[in-house]
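Numbers here are sequence positions counted from 1.
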Amino acid sequence: MNRYKTRAELKADVKNLLQGNWGKAILLYLIPAISIIFNININGSNSSGAVRNSIYYGNWNFLPSFLSLGLVSFIISLIFLLISLSAAFRGLDWVEDSELDFEPLKSNFTYFRSPDWWKLIFIYILIYIFTILWSILLFIPGIIKSMAYSQTYFVYKDLNDRGLADNYSLTDYITRSRQLMVGNKGRYFVLQLSFIGWWLVGAITLGIGYIWILPYYKLTMANFYQDLISTNNKNNIE
């Protein structure tokens, strides 16, 4: 039976990918990194909450902006959500094909040209609602569920690329993520913990460090998903 890659192996793959390609990686995640820097410097003491959202949700917690700052802020936040996910999806393509030729900055706007851009927003809203509902019970169940839902966007991209997205509902992507994460939440949690030192470095540098940290982190998360899928397929696990 094929085994999952270790944390060290997942990171080593990404380090090899980044060798000689840091410029491309930085440009790919530059806009998401700028949004993180902006959030940290605006929120100040609440930067730990921003880091937490980045770890568990993979992006910023956009819905509260609608409640606290109004509709315009909410719309702007959703634009950044689509940019962040577009970059993350291109990152997954790059992890799958290390020789992939693409335009980094242009890749940030891929899903603005997709007729299904709205699905990503509604998937985010569903994940947010489900996570909050579990968190109401206790904090720990909320964290566990957020990890279970962590692969949802990549699942959507995977199925969409294969022309199968129309056969699934929005909640089906979440369900598929939960299935993939059975027995893997511990691995995912430890992988997240291994980046805490880097998040602290980013915060200490007023977010500037995220220009280099975010590509490393995001590509590692993409590699984690790729490892889940490839290992499950090799072991004939549904």
Ring geometry between Y210 and W199 (parallel below 30°, tilted from 30 to 60°, perpendicular above 60°): tilted
Not counting sequence neighbours, which residues clear side chain to side chain donor-acceptor pair (under 3.5 Å) with S98? List them please. none
Any side-chain donor-acceptor pair under 3.5 Å between Y4 and N232? yes
Starting from the C-alpha separation in whole Å, work towards a yes-or-no answer on salt bridge (Lys or Arg N to Asp or Glu O under 4.0 Å) for D166 and K119. CA-CA 11 Å; D166 290 340; K119 289 185 179 180; 3.7 Å; yes
For E9, does the CD atom have more than 12 heavy-atom neighbours from other residues, nucleotides or ligands under 6.0 Å away? yes
Contacts of F89 that satisfy ring-ring contact (aromatic ring centres under 6.0 Å, His included) - sequence neighbours left out: Y111
How would you list, by chain and number, every residue that makes a ring-ring contact (aromatic ring centres under 6.0 Å, His included) with Y168, sequence neighbours excluded? none
With no hydrogens and no angle check, do the side chains of D172 and S169 hold a donor and an acceptor under 3.5 Å apart? yes
Is there a side-chain contact between L18 and W212 in this structure, where contact means two heavy atoms from C-beta onward sitting under 4.5 Å apart? no
Which pairs, with at least one residue in residues 82-94 and sequence neighbours excluded, count as a salt bridge (Lys or Arg N to Asp or Glu O under 4.0 Å)? R90-D93, D93-K157
If two hydrophobic side chains count as joined below 4.5 Å and joins carry through other members, does V182 share a cluster with L191? no
Give me the ring orientation class for W118 and F122: parallel if the planes are under 30° apart, tilted from 30 to 60°, perpendicular past 60°. perpendicular
Please list, chain by chain and in numerical order, all residues satisfying side-chain contact (heavy atoms from CB on, under 4.5 Å) with I144, sequence neighbours excluded. I140, K185
Heavy-atom distance under 4.5 Å between the side chains of M221 and Q192, does that happen here? yes
If you draw a 6.0 Å radius around CG in N167, do more than 12 non-hydrogen atoms from other residues or ligands fall strictly inside? yes
What heavy-atom pair brings K145 and R178 nearest, and what distance separates the two atoms? NZ-CD, 4.4 Å
Count I, L, V, M, F, W, Y as connected when their side-chain heavy atoms are under 4.5 Å apart, and connections chain through other members. Are I76 and I125 then in the same cluster? yes
Does a side-chain heavy-atom distance below 4.5 Å link P32 with K218? no
Residues S35 and F80: closest non-hydrogen pair is CB-CD2, 3.7 Å
Sequence neighbours excluded, which residues qualify as side-chain contact (heavy atoms from CB on, under 4.5 Å) partners of A222? L92, V95, F154
Under a 4.5 Å cut-off applied to non-hydrogen side-chain atoms, are Y217 and Y29 in contact? no
